[in-house]
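A short worksheet on the structure shown next.
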Number of protein chains: 2
Amino acid sequence: MTTKNRPPTIGDVAQRAKVSIATVSRVLNGKVPVAPDKADRVRAAIEELQFVPRTAARVLASRKTGTVGLVLPEISGAFFSPMLRGVEAGIRQAGYDFLIHSMQTTHEGIPHRQLGEHNTDGLIVFTGSLDIKELTRLNRINFPIVLLHQTPPESLNIPVITIENKSGAEMLVDHLIEGHGRRRIVYLQGPEGHEDSVWRERGYRESLEAHGITFDPELVATGGFDDEEAFATIQELILEGVEFDAVFAGDDDAAMGVMRALKLAGRLVPDDVSVVGFDDIPFARYVSPPLTTIHAPIEEVGREAVSQLMRLINGQQPEALTLMRTELVLRESCGCESGEIKPASPMDP
Amino acid sequence: MTTKNRPPTIGDVAQRAKVSIATVSRVLNGKVPVAPDKADRVRAAIEELQFVPRTAARVLASRKTGTVGLVLPEISGAFFSPMLRGVEAGIRQAGYDFLIHSMQTTHEGIPHRQLGEHNTDGLIVFTGSLDIKELTRLNRINFPIVLLHQTPPESLNIPVITIENKSGAEMLVDHLIEGHGRRRIVYLQGPEGHEDSVWRERGYRESLEAHGITFDPELVATGGFDDEEAFATIQELILEGVEFDAVFAGDDDAAMGVMRALKLAGRLVPDDVSVVGFDDIPFARYVSPPLTTIHAPIEEVGREAVSQLMRLINGQQPEALTLMRTELVLRESCGCESGEIKPASPMDP
DNA sequence: ACGCTTTCTGAAAGCGTTTTCAAAAGTATA
DNA sequence: TATACTTTTGAAAACGCTTTCAGAAAGCGT
């Protein structure tokens, strides 16, 4: 008996169980029946040897990676935690591994390995993280992909999971107008390439129009989905003397920056200016005043993305478009009153 | 010419460039010099064929996965976003892939593939996510691991990255006592097995002692690192008639729950009760009143963890213990005054 | 032009599984 | 008991790269 000190392989197990490696492989994968006595011997040998199959060898031989990739533009904000949570849970449940790439640091020089056909079985792609060219290439070779919060080019047939941005925005603006008589409502756009933002703006415009308010381009500015950027933008707006009585921030993070800028300028929220956000991140109800916003089922979007991706991977027909329901959450930053802080808004409707 | 329609392999490239596959491999990896003309031919062939090497094959042949794993107990709270961000950035910069596993869903039945020697080159393990047995096993085979916020058993020689929990807690409690004359300070423990919590409690006790205040077990309760749990605990404390004039919540998330419970009970913060947190998550300054807390360099902890792991992977001597500096951030929830909301507390000192 | 290094190169041997194929062993039917 | 299937099984061929080894080519001093 050679006392090689390297980790056991399937061959060692086979030898010990007195079967062929093919048989070991079969009990490992459980797809093909194996005689109970042999199967037991194999299992015992695996246990004794503490054998763990090498992933790489399996992947190479089976041409399946057992891995799902998530591609993000960046990891930041309160938004990503629930989303990751949803995706991770879904992937785990499906028995896959979870590889994550963020594009945030396009380090000079290091072009960094692409996630794609050769290292994953499918990709979940968040808006703004993969260019059309790569998307097209992957689609052409029929590689499973789902898009998050991004409509694909018409020519590509890629399932999309997103939320009701437009109607959410409409609810918000409707409420500002109808509930609080606001007329000059600033809209803060999200970051470039972030599709949520364009839908929200569309909802904003339609609501305006429905109430006979003419759209004023002066009232649309860029806020990013980021409190600092929103802060700066609102300061600038005030400096320029633009008049407004409400702000629809691109998302909740931006709304924070808006409120800070307003407070600094001595404008009272919601007395002088109503502020509303989007997403209903956990902290929205803790800020002062508590933020009126749209509840987005972020974690479920992640789960649903995995679910559709799995259909694709398993050759089933996926839903072309999954639109997750959003919901108006009235708190105080719009001008509504609320006796006390209510329990958390529903995460699992 | 056979028109096989499968993705090109290194052999196809070699054939096209009229060199051996060994040479292609060499230009791919760049470790061994190759004649410039051949190298150019190879690069051209790769480009034309759109060749991408199969990760699995490389891993199998080289016995290196090029992947780092992160093991977490769960993905939640405002804490994880910056941490993930730091880890991801570090791993990317080091040219590795990033596999993430969370233990949150120990789905019945699905024991789920372990992250370990066979699918990663090293592991970053967050407190509470791997049991001693597995840790010991991995350590015995000399597998690169760093621990986050958790001291390893003495027998194991595993590098640790953590933050100055104890001195941070001391600063906080010192301030509560010296700055605001508080004497009956509640301490809310974090979740079971979370080491940060025990250090914070130690700091709490030492500060008490240093000020001649006797420790009262009645004032220590469990709050989780979670606003709902903290909320419930504070409600209970009030119901039981426990008297206190300050609360040191386990972390900022818990502090939110504390403030909500207090508000609901009609206790004013900070007039009746001072509240302080720990971590300085981005929202800490936006809540009402703005939260006094300890700033923890979470993202840097993530980066540093990768950095130490890389030393281990590359056979260099790592730092046995990396203690990241924390800093007191005075806002209003303790009773301090602040004229206006200040810009973000420093994330990159 | 001749040895002696040094630098490049290709053939071939792995790396550790899965999977195909055909043979062996069982089972049910006649 | 023989025949025709149906299960189980093992041998061996992939899977697509890296790496070792030895030989070829090139550089260099004389």
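The sequence lines fix the lettering, A, B, ..., with proteins before strands; numbering per chain opens at 1. Basis for what follows: all heavy atoms, side chains included, without hydrogens, waters or symmetry-related copies.
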Contact class for [X] (heavy atom, under 4.0 Å): base, sugar-phosphate, or nothing?
| X | result |
| --- | --- |
| A:Val34 | sugar-phosphate |
| B:Ala22 | base |
| A:Val59 | nothing |

Distance check needed: [N] [atom2] versus [X] [atom1], whole Å only.
| X | N | atom1 | atom2 | result |
| --- | --- | --- | --- | --- |
| A:Lys18 | D:dT9 | NZ | P | 16 Å |
| A:Asp37 | D:dT8 | CG | P | 12 Å |
| A:Lys31 | C:dT18 | NZ | P | 13 Å |
| A:Arg58 | C:dT19 | CZ | C1' | 13 Å |
| A:Arg41 | D:dT8 | CZ | P | 15 Å |
| A:Arg54 | C:dG16 | CZ | P | 6 Å |
| A:Gln15 | D:dA11 | CD | P | 12 Å |
| B:Ile21 | C:dG10 | CD1 | P | 11 Å |

Between [N] and [X], is there an OP1 or OP2 to side-chain N/O distance shorter than 4.0 Å?
| X | N | result |
| --- | --- | --- |
| A:Lys38 | D:dT8 | no |
| A:Ser62 | C:dT17 | no |
| B:Ser20 | C:dG10 | yes |
| A:Arg63 | C:dT19 | no |
| A:Ser25 | C:dT18 | yes |

- Watson-Crick or G-U wobble partner for D:dT30, using a 3.5 Å limit on both distances? C:dA1
- Re C:dA22: Watson-Crick or G-U wobble partner, both distances kept under 3.5 Å, found to be D:dT9
- Query: Which sits closer to the 5' end of DNA chain D, A:Val32 or B:Val52, going by the nucleotide each is nearest to?
  - Reply: A:Val32
Between [Y] and [X], is the closest basic N to carboxylate O distance under 4.0 Å?
| X | Y | result |
| --- | --- | --- |
| A:Arg137 | A:Glu134 | yes |
| A:Arg303 | A:Glu299 | yes |
| B:Glu47 | B:Arg43 | no |

- When A:Lys64 and A:Leu60 are each assigned the nearest nucleotide of DNA chain C, the 5'-most assignment goes to A:Leu60
- Using heavy atoms to find the nearest nucleotide of DNA chain C for B:Pro33 and A:Pro8 separately, return the residue whose nucleotide is more 5′. B:Pro33
For [X], does the [atom1] atom sit with more than 12 other heavy atoms under 6.0 Å from it, leaving out its own atoms?
| X | atom1 | value |
| --- | --- | --- |
| A:Asn157 | CG | no |
| B:Asn29 | CG | yes |
| A:Glu192 | CD | no |

- Query: C:dG10 base to B:Arg26 side chain: any donor-acceptor pair below 3.5 Å?
  - Reply: yes
- Item | Minimum-distance nucleotide to A:Ala57 side chain [options: D:dT9, C:dT17, D:dC17] | C:dT17
- Message: Given C:dT9, D:dC17, C:dT17, identify the nucleotide with an atom nearest to the side chain of B:Ala35.
- Response: C:dT9
